[in-house]
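Below you'll find the structure, written out as structure tokens, and then a few comments.
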Protein chains: 2
Amino acid sequence: MIGSDTMARLSDIIEEFIKTLLRESEGQLELQRNEMADYFECAPSQINYVLSTRFSPNQGYYIESRRGGGGYIRIIRLDVEKNDYLHYLLSEGIGIRITEKNALQIIKRLFEQGDILEKSAYLMKSAITDKAIMIPTNLKDNIRAGILKSMITAIITWNSKKV
Amino acid sequence: MIGSDTMARLSDIIEEFIKTLLRESEGQLELQRNEMADYFECAPSQINYVLSTRFSPNQGYYIESRRGGGGYIRIIRLDVEKNDYLHYLLSEGIGIRITEKNALQIIKRLFEQGDILEKSAYLMKSAITDKAIMIPTNLKDNIRAGILKSMITAIITWNSKKV
DNA sequence: ATTTTTGACCTTCTTTGACCTTCATATTAT
DNA sequence: ATAATATGAAGGTCAAAGAAGGTCAAAAAT
């Protein structure tokens with residue numbers, strides 16, 4: 001198509017670049033935001049944009065970072081194959097709110113499937129009970145969903161982490 | 001080089017150095033501030049910085065020092081009985097609200113003391129971060145305190161249940 | 001209408017250096 | 001010999017500078 005030399009969007013290029021790096025580094029890498037921004041001649045915040053739109057847990061990635069001198073951004077590719085059910089829970093299973101009963105069921109199932117040890121199940125349950133979440137009742141299910149998803153992301157991340 | 005390992009912070013290196021020394025000396029040691037600063041080629045005050053940000057009483061350490069000729073800095077690791085510390089956290093240590101930073105410090109300490117495994121620490125951290133607790137900022141510290149105390153209660157219960 | 005790009009402003013953490021306080025010892029004055 | 005003083009060797013404090021990353025909204029592009 002003449003004249004439509006669709007310049008690839010920079011965000012897509014950065015996305016690919018990161019994914020290539022990840023392939024070369026067993027699914028885990030650290031980068032400097034400013035270095036990246038420099039390399040791609042873009043605003044530093046564009047790196048955040050790429051990360052938040054293309055590297056969410058939902059999409060199979062987890063981001064850790066630290067500010068200050070010696071700061072970094074760490075990107076971990078989650079092994080969604082091996083953590084099938086866990087990943088399903090994140091992307092569709094849980095949603096924006098969940099009752100105590102449902103949450104407890106999920107945790108029970110995680111234990112029964114061998115995703116977590118009994119002790120971890122016990123710990124997780126303690127974090128999402130109505131008693132633990134001290135806030136007006138109408139909000140508990142929302143908070144619970146956030147905490148449960150965060151814990152599940154942690155489990156997947158742990159399972160995916162390099163030694 | 002993008003994606004290469006990030007440089008470790010000097011303060012972290014000094015922290016590890018001291019913790020290793022402590023392990024080799026039954027939890028108590030004396031050092032000379034200038035000697036340390038010399039060894040790590042840093043400003044003497046950086047030693048104080050490391051001590052105050054990483055060896056506070058909350059983090060499980062106690063510092064004594066003397067000035068003048070023959071001066072020294074003594075670092076003492078507080079080795080509390082496991083359950084004593086857990087109960088202390090419930091009764092006074094945590095209170096009705098706690099910041100993310102303090103909560104993370106407590107969990108790190110639980111791991112370093114051998115109260116919990118690294119994986120459990122990782123799970124616990126994921127449950128109490130600001131990101132996990134999706135509610136207006138001014139309420140996060142309250143919710144966090146409730147969840148953390150609930151998890152600590154679970155640890156105590158688990159410890160006493162399994163004989 | 002939606003996604004991407006940009007930039008102004010913010011927060012966190014670390015490093016550095018100038019200046020201060022304390023203590024032991026050596027020196028000096030009585 | 002004793003008391004007062006000077007000296008130097010520690011460690012302490014604090015604020016400024018530096019080094020990251022984060023957020024948010026306006027502007028631009030699709």
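Quick caveat: nothing in here was measured; it's all calculated off a predicted structure. So you know, we letter chains A, B, ... as the sequences are listed, proteins then strands, and number each from 1.
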Measuring to OP1 and OP2 of D:dG11, would you say a side-chain N or O of B:N34 lies under 4.0 angstrom away?
yes

What's the closest nucleotide to the side chain of A:Y49 if the choices are D:dG21, C:dT14, C:dT5?
C:dT5

Rounded to whole angstrom units, what separation is found between the CE atom of A:M36 and the P atom of D:dA20?
16 Å

Separation of atom CZ in A:R74 from atom C1' in D:dA20, rounded to whole Å:
15 Å

Return the value, rounded to whole Å, for the distance between atom CD1 of A:I14 and atom P of C:dT3.
18 Å

Over all strands shown, is A:G71 touching base, sugar-phosphate only, or nothing at heavy-atom distances under 4.0 angstrom?
sugar-phosphate

According to a strict under-4.0 Å criterion, is B:K101 in side-chain N/O contact with OP1 or OP2 of C:dC13?
yes

Please check if the number of heavy atoms outside B:E35 that lie under 6.0 Å from its CD is greater than 12.
no

Between CG of B:D130 and P of C:dC10 the distance, given in whole Å, is 20 Å

Output the single nucleotide from C:dT6, D:dG21, C:dT16 whose closest atom is nearest the side chain of A:C42.
C:dT6

OP1 or OP2 of D:dA20 under 4.0 Å from side-chain N/O of A:S65
no

Among the nucleotides D:dG11, C:dG17, C:dT4, which one has an atom lying closest to any side-chain atom of B:S45?
C:dG17

Nucleotide of D:dG11, C:dC13, C:dC23 approaching B:R67 most closely (side-chain heavy atoms):
D:dG11

Closest to the B:S11 side chain: D:dG12, D:dT23, C:dT15?
C:dT15

Are more than 12 heavy atoms, taken from residues, nucleotides or ligands other than B:R97, located less than 6.0 Å from that residue's CZ atom?
no

Could you state the atom-to-atom distance from CD1 of A:I63 to P of D:dT23 in whole Å?
12 Å

When we call it a touch if two heavy atoms are under 4.0 Å apart, what does A:I73 touch: a base, just sugar-phosphate, or nothing?
sugar-phosphate

Residue pair B:I133 / B:I128: nearest heavy atoms and the distance that separates them:
CD1-O, 3.9 Å

Under 4.0 Å: is that the gap between some side-chain N or O of B:R33 and OP1 or OP2 of D:dA9?
no

From C:dT16, D:dC24, C:dT5, pick the nucleotide closest to the side chain of B:Q46?
C:dT16

Is the distance from the ring center of A:F111 to that of A:Y122 below 6.0 Å?
no

Using the ring of each side chain (for Trp, its six-membered ring), is B:Y61 parallel, tilted or perpendicular to B:F55, with breaks at 30° and 60°?
perpendicular

Mapping A:R54 and A:P44 onto DNA chain C by nearest heavy atom, which one lands closer to the 5' end?
A:R54

Counting only heavy atoms not in B:E26, do more than 12 sit closer than 6.0 Å to its CD atom?
no

Whole-Å distance between C:dT22 P and B:E64 CD?
18 Å

D:dG12 phosphate, OP1 or OP2: any side-chain N/O from B:R66 under 4.0 angstrom?
no

Base, sugar-phosphate, or nothing: which does A:L51 touch, judged by heavy atoms less than 4.0 Å apart?
nothing

What is the distance from CG of B:N48 to P of C:dC20, rounded to the nearest Å?
17 Å

What nucleotide, of C:dT15, D:dG11, C:dT6, holds the atom closest to the side chain of B:L10?
C:dT15

To the nearest Å, how far apart are B:E35 CD and D:dG11 P?
9 Å

Please classify the nucleic acid contact of A:G69 as base, sugar-phosphate, or nothing, using heavy-atom distances under 4.0 Å.
base

